[in-house]
Amino acid sequence: MGYVIALCIVVLAAFVCTAVVLVRDGGEREARVFTELEPEQQQMLYNTPIEYEDESHQSWRQKGIVRNVTPRDDDDTADVEVMWYNAKPDETTRKKETNIERIAAKKKDVQAKGMHKGGVVTIRVQPGQGVTVVAA
């Protein structure tokens, strides 16, 4: 009986360690994808101005690049992946400088705003609430 309990503990510990390693990437994915961008696109993200929406500076608008648009088959939405440069990592939940945000958007909004892979969009960053695409 003691061997079974010890075996269960070892298996559980191995599972937890594997899960921690898989979840933690420290921004390597974003950094790798960022290096795949054209130098002009990288500079555009680095140099994008932050436009605060009000004097509280709680949310702002800036540019991002659409990495991918994947329509969902089961409803009228699409997943839009937007890469953006986080000029204020201390104020957002993501502490990395380059981020990839997956945003669910209505297909009609994706078409109306002309969102496509490689396209430049204006995003609204709201720390604690996420990122939304406001214009293309």
Side-chain angles (χ1 to χ4, degrees):
M1 183 68 175
Y3 291 114
V4 173
I5 293 173
L7 181 63
C8 288
I9 291 173
V10 169
V11 169
L12 182 61
F15 177 74
V16 170
C17 290
T18 302
V20 167
V21 168
L22 291 176
V23 170
R24 185 186 69 177
D25 78 3
E28 288 91 8
R29 176 177 166 251
E30 286 86 352
R32 185 181 70 251
V33 171
F34 188 75
T35 60
E36 294 171 1
L37 294 175
E38 297 293 325
E40 296 83 21
Q41 292 176 315
Q42 291 177 3
Q43 284 303 311
M44 188 276 303
L45 287 181
Y46 275 136
N47 298 327
T48 186
I50 292 177
E51 300 167 3
Y52 290 104
E53 293 188 335
D54 56 28
E55 57 276 346
S56 71
H57 295 218
Q58 295 298 314
S59 60
W60 61 88
R61 294 175 186 226
Q62 66 181 75
K63 299 289 183 189
I65 295 176
V66 176
R67 212 175 149 259
N68 200 9
V69 178
T70 307
R72 293 183 188 171
D73 294 329
D74 56 344
D75 59 13
D76 66 339
T77 61
D79 290 326
V80 180
E81 286 185 4
V82 178
M83 175 167 265
W84 57 288
Y85 180 73
N86 187 5
K88 301 207 166 277
D90 294 336
E91 295 181 21
T92 59
T93 56
R94 294 186 175 186
K95 302 301 181 191
K96 300 175 290 245
E97 290 183 344
T98 53
N99 291 286
I100 298 173
E101 192 76 29
R102 179 170 284 164
I103 303 165
K106 294 186 181 206
K107 289 179 186 175
K108 65 179 183 176
D109 291 339
V110 170
Q111 291 175 345
K113 293 178 181 176
M115 288 186 256
H116 62 279
K117 184 176 183 173
V120 177
V121 293
T122 301
I123 59 172
R124 180 177 190 220
V125 180
Q126 295 176 279
Q129 297 177 3
V131 176
T132 56
V133 175
V134 293

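This one's a predicted model, so the numbers in the text were calculated from it and none came from an experiment.
- Contact check for Val121 versus Met115: side-chain heavy atoms found under the 4.5 Å cut-off.
- When all heavy atoms are compared, the tightest approach of Ala104 to Arg72 is CB-NH2, 3.8 Å.
- Atom CG of Asp73 sits in a sparse spot, with 12 or fewer heavy atoms from other residues, nucleotides or ligands closer than 6.0 Å.
- Of all heavy-atom pairs between Val110 and Ala105, the closest is CG2-CB, 3.9 Å.
- One distance of note links CG of Asp76 with NZ of Lys107; it measures 7.0 Å at 0.5 Å rounding.
- Distance check, rounded to the nearest 0.5 Å: NZ of Lys117 to CZ of Arg67 gives 7.0 Å.
- Between His57 and Tyr52, the ring planes lie parallel to each other; the angle is under 30°, not in the 30° to 60° tilted range.
- Screening Asn99, Asn47, Leu45 for a side chain to side chain contact (heavy atoms under 4.5 Å, CB included) with Tyr85, the sole residue that qualifies is Leu45.
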Under 3.5 Å, side-chain donor or acceptor atoms of residues 122-136 against the rest of the protein: list the pairs with distances, not counting sequence neighbours.
| residue | atom | partner | partner atom | Å |
| --- | --- | --- | --- | --- |
| Thr122 | OG1 | Lys63 | NZ | 3.2 |
| Arg124 | NE | Glu53 | OE1 | 2.7 |
| Arg124 | NE | Glu53 | OE2 | 2.8 |
| Arg124 | NH2 | Glu53 | OE1 | 2.8 |
| Gln126 | NE2 | Gln129 | OE1 | 3.0 |

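- How far CG of Asp75 is from NZ of Lys106: 10.0 Å, rounded to the nearest 0.5 Å.
- With rounding to the nearest 0.5 angstrom, the CD atom of Gln43 is 11.5 Å from the CG atom of Leu37.
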Exercise. What's the verdict on side-chain contact (heavy atoms from CB on, under 4.5 Å) for Val66 and His116, showing C-alpha distance, side-chain angles and the deciding distance?
Worked result: CA-CA 6 Å; Val66 176; His116 62 279; over 6 Å; no

